[in-house]
Amino acid sequence: MMNRMTQHGIGRLICLVTMVLVLLGTGAARAANLVSVRVGELPVLPTASPVTRIIPVGEQLVAVTANGAWLLDPARSAWAPVAWRPAGAMVSSGIGSAGTVVLTGGADGRASQIVTLSLAGTELEQKVLAPMPLALGAPRATVLGNVAYVAGHDAAGALQFISFDLADDAAAWKVLPAYAGAGGALTSIAAQNSTVLLTLAGGEGKGDRMLRWRAKGGWDEMAPLAGRVRDGAVRSTGQAHVLYLLDGGAIGAPQMWSFHTITKSWAAQGAALPVATGIASGWGNGLLWSTPGESATSFAYTELSAGTRLLKAIDWGVIIVYLVGMLGIGWYCYVREKRNSTEDFFVGGRSIPYWAAGISLYAANTSSISYIAIPAKAFETNWQYMTNNLIAVIALTFVAVAIVPLLRRLNLMSVFHYLEIRFHPAIRMLASMICILVQIGSRMSVILLLPSLAIATITGIDVVWSILLMGGFTIVYTAMGGMKAVVWTDFVQLFVKMGGALFAIGFIIYKLDGGVTEFVTTSMAENKMKLFDFSWDLTQPTVWGFIFLVIFDVVLTFPKDQVLMQRALSTKSAPEATRSILTFAAISIPGGFIFYTIGTALFAFYQSNPERMNPLLTIDATFPLFIAAELPTGITGLIIAGILAAAMATLSGIMNSVATLASVDFYEKLVKNPSPKKSVLFAEVATVVTGLVGILAALWLSRFNSHSLFDVSIELAGLLGGGIAGAYTLGMFTKRANWQGVAIGIAGSTCLTTTAWTMNLVHPYFYLPISIMLCIVIGYIASYLFPAPTRSLAGLTIYAD
């Protein structure tokens, strides 16, 4: 039925892409920089006392004079005196995400104490920390996360490097290894993206030297700067850039430059600046300096400002064609099929070909988060996370052979029906309810929100409209077509998003001056294709860590994943279900390499074209930035359609799966004698309601910080989902477990994992395996407190009957 339709759809898509390329060519108009630089002035300080220090505190500014301190209001319109005196003679200051630090000491200019500054309304509050282990001359300070780093010269003139944990009241200073052979006066320090950067004065007429320190890699020396760093004129911005005010050397007049910590490349930002001698500082999205006058001090600043890359009409045309095509598939399935039962709606009458189910599995498992985040991870690091995909293939093979046939032979629609057969109806309903909450609150809302934020940041499409666009269209075609619409739209969506990804790789390499040779050379020189790490450092993405995670994240959690298992349950037989999982595993390897290659190609492109980056954006926005700023008109629309496709493939599966659970696990069990017609109607309504609730949750979440919410979603999935996975493990891999023990295991693991969460004992990614292990251990031991199961377990465990 669908073969002819999908072939025709793919053919139309290829024709569309070809027409766009013929009309537009492969070139993209490129300007020098994507950001503009604004130069402005601040109000004159209402005192004749000269400024001795400029300190950013949060988003506001403090000017320190010999007679007191002044606070600039948030509107940048006026200075007001503030009652604050430093705890000692001020020597230096630094700022980071955890706040502002000030170094104080004696009249000799050597620092021996560190103070943190914060704003409480219009009042400055300071906290004096433990004394430094040694006094440092010409010191500089910065903050990375919650850690303050201080560098300076000891009494013998040697460069020293120390750190202090600002979040730990009982912390002590740590003396870190200093860079061997570091000569020259320290001119600046900055922290960005797990890296601390120091600059040292170069020789006469030369630019400063730059040293880089990383906790895992130690010290190394970067290429020399094009000029000298103006004292205090340094500012970290975005997630990977540091701004410097350079003068002298090869550049002559003062000018703002940006350094990208990932590609280690420099880009000039704006024209030369008429900077007079005075105090300088980083502030906001730029740099600030003072100009002393006879009666008062004036201030000027330069800062970055980024606009949006609005979509053209043809881009919108491509996106609309894609969305209408999805609706067309849903309508086709609606008018073609006679849905007389929930089995037709939820599992496609168990007539889905294994290869289509396998492709749909991969499409559902590759959300828009992966479409954006995987290239960003490869851009920032290397291919080590790809090891997870390779190991997961082995785990999926085991799942396909040992677990999926067992569940498929039971002719389930809800995977939690197994828990009723094996244990008790109460276990089934508890697990189903938890799954519904996790899917809507932890997955669906985030999958709607995060790509909307990325698209809005680059293209100017409002976040609300992106959420409504994706959610609304997905609701309509999923409610109309049921599981068949889900599978066949997934099939088309895979070609849309993978076609866009492959085009992006080719286009990036085409734009490199050296083509494929430059791509390979850069990648190998920077070790960007490193795949395996066999070390035993479990703080890094090692092979051993991935093996541990895959066992719990694939083998033990796959059976409880209604979104994925529903595809396998829609096939014709148990052997077909096995083949669908094997197809999924086979596709995941080349699919993973495609997305990791995008990230590596982006690294090569932006290392050669650093001026094309936007220093104000996050690392995750790297691929969306390239899509909007570099690709030809029309192709931009196609790849944004790919991002939408990645999100909608996952969303449709979640909507259909949640509707399945609501209908099969609750409606048909609680309503007396439900007719097939009413059951299907309830399923359609449940699909719409699920989508609307997910949209509302995403709109609510859009009011908060997306990064922290993503972490919370991972934590929530681990806290609530681990117990259910443990229940499946006890049911399939043991014969002694009973429903009482499993119930105790679920409750015990949830409570203990929540305790670990409140105490912040481990990384959030470990909550899921910890919760599973606790449920298995507690549930199995508790089962011995109750009688062993007496009914036959034939066909319910992995053991031969």
Side-chain angles (χ1 to χ4, degrees), residues 91-94 103 109-111 136-142 149-162 176-193 195-214 217-237 240-282 286-289 302 607 610-611 615:
V91 180
S92 182
S93 63
L103 300 180
R110 305 185 71 81
L136 297 177
R140 300 290 187 274
T142 189
Y149 292 92
V150 180
H153 299 278
D154 61 18
L159 182 67
Q160 299 293 331
F161 188 51
I162 58 178
L176 303 172
Y179 182 72
L186 183 64
T187 57
S188 75
I189 185 172
Q192 180 67 283
N193 190 30
T195 297
V196 177
L197 300 170
L198 274 64
T199 57
L200 304 171
E204 184 66 28
K206 295 182 179 179
D208 287 354
R209 298 167 59 197
M210 174 176 278
L211 306 178
R212 180 180 67 172
W213 178 85
R214 293 170 296 172
W219 291 98
D220 54 355
E221 187 162 357
M222 303 287 97
L225 280 64
R228 299 187 302 271
V229 178
R230 180 65 61 90
D231 185 24
V234 57
R235 176 71 168 178
S236 299
T237 185
H241 280 85
V242 181
L243 302 177
Y244 291 90
L245 183 60
L246 303 182
D247 57 11
I251 63 172
Q255 189 174 19
M256 182 166 64
W257 286 67
S258 63
F259 177 74
H260 190 234
T261 58
I262 296 174
T263 60
K264 297 174 290 187
S265 54
W266 290 87
Q269 302 292 344
L273 300 169
V275 184
T277 57
I279 305 298
S281 175
L287 305 170
L288 171 82
W289 61 91
T302 178
Q607 190 178 67
E611 74 283 353

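These figures come from a predicted structure and were not determined experimentally.
- The salt bridge (charged side-chain N to carboxylate O under 4.0 Å, His left out) search around Asp154 returns none, not counting sequence neighbours.
- Judged by distance alone, with hydrogens and angles left aside, the side-chain atoms of Ser265 form no donor-acceptor pair with the main-chain N or O of His260 at under 3.5 Å.
- In this structure the side chain of Tyr244 never reaches within 4.5 angstrom of the side chain of Asp208, judged on heavy atoms.
- Taking all atoms of both residues into account, the shortest heavy-atom contact from Gly286 to Leu243 is CA-CD1, 3.7 Å.
- The shortest side-chain heavy-atom distance between Thr199 and Arg228 does not fall under the 4.5 Å cut-off.
- Note that CZ of Arg212 is 11.5 Å distant from CD of Glu221, once rounded to the nearest 0.5 Å.
- Here the closest non-hydrogen pair linking Leu246 and Gly227 is CD1-N, 4.1 Å.
- One distance of note links CE of Met256 with OG1 of Thr302; it measures 3.5 Å at 0.5 Å rounding.
- Between Phe259 and Val234 the shortest side-chain heavy-atom distance does not fall below 4.5 Å.
- Using a 4.5 Å heavy-atom cutoff, the side chains of Leu136 and Ile162 are in contact.
- To the nearest 0.5 Å, atom CG of residue Leu103 and atom CZ of residue Arg140 are 9.5 Å apart.
- A donor-acceptor pair is defined here as one N or O able to donate and one able to accept, closer than 3.5 Å; such a pair exists between the side chain of Gln255 and the backbone of Gly270.
- In terms of heavy atoms, Ala151 sits closest to Leu198 at CB-CD2, 3.8 Å.
- Relative ring orientation between Trp219 and Phe161 is described as perpendicular, the plane-to-plane angle rising above 60° on a 0-90° scale split at 30° and 60°.
- Side-chain contact between Lys206 and Pro224: absent, with no pair of heavy atoms (C-beta onward) separated by less than 4.5 Å.
- Counting heavy atoms from C-beta outward, Trp257 and Leu225 have side chains that stay 4.5 Å or more apart.
- Looking at every heavy atom in both residues, Leu176 comes nearest to Tyr149 through CD1-CE2, 3.9 Å.
- Under the side chain to side chain donor-acceptor pair (under 3.5 Å) rule, Ser258 has a single partner from Gln269, His241, Arg235, which is Gln269.
- Atom CG of Leu211 and atom CG of Leu159 lie 7.5 Å apart (nearest 0.5 Å).
- Under the 3.5 Å distance criterion, the side-chain polar atoms of Ser281 are left unmatched by any main-chain donor or acceptor of Gly232.
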Test side-chain contact (heavy atoms from CB on, under 4.5 Å) applied to Thr195 and Val242, step by step: CA-CA 11 Å; Thr195 297; Val242 181; over 6 Å; no

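- For Tyr179 and Trp213, the ring centers sit 6.0 Å or farther from each other.
- Of all non-hydrogen atoms in Arg214 and Asp220, the two that sit nearest each other are NH2-OD2, 3.7 Å.
- Of the inter-residue distances, the one linking Asp231 atom CG with Ile279 atom CD1 reads 7.0 Å to the nearest 0.5 angstrom.
- Put simply, the side chain of Leu200 reaches to within 4.5 Å of the side chain of Leu186, judged on heavy atoms.
- Atom NZ in Lys264 sits 11.5 Å away from atom CG in Leu197 (nearest 0.5 Å).
- Among all heavy-atom pairs drawn from Leu287 and Ala233, the shortest one is CD2-C, 3.8 Å.
- Taking the side chain as every heavy atom from C-beta outward, Asp247 and Arg230 approach each other to under 4.5 Å.
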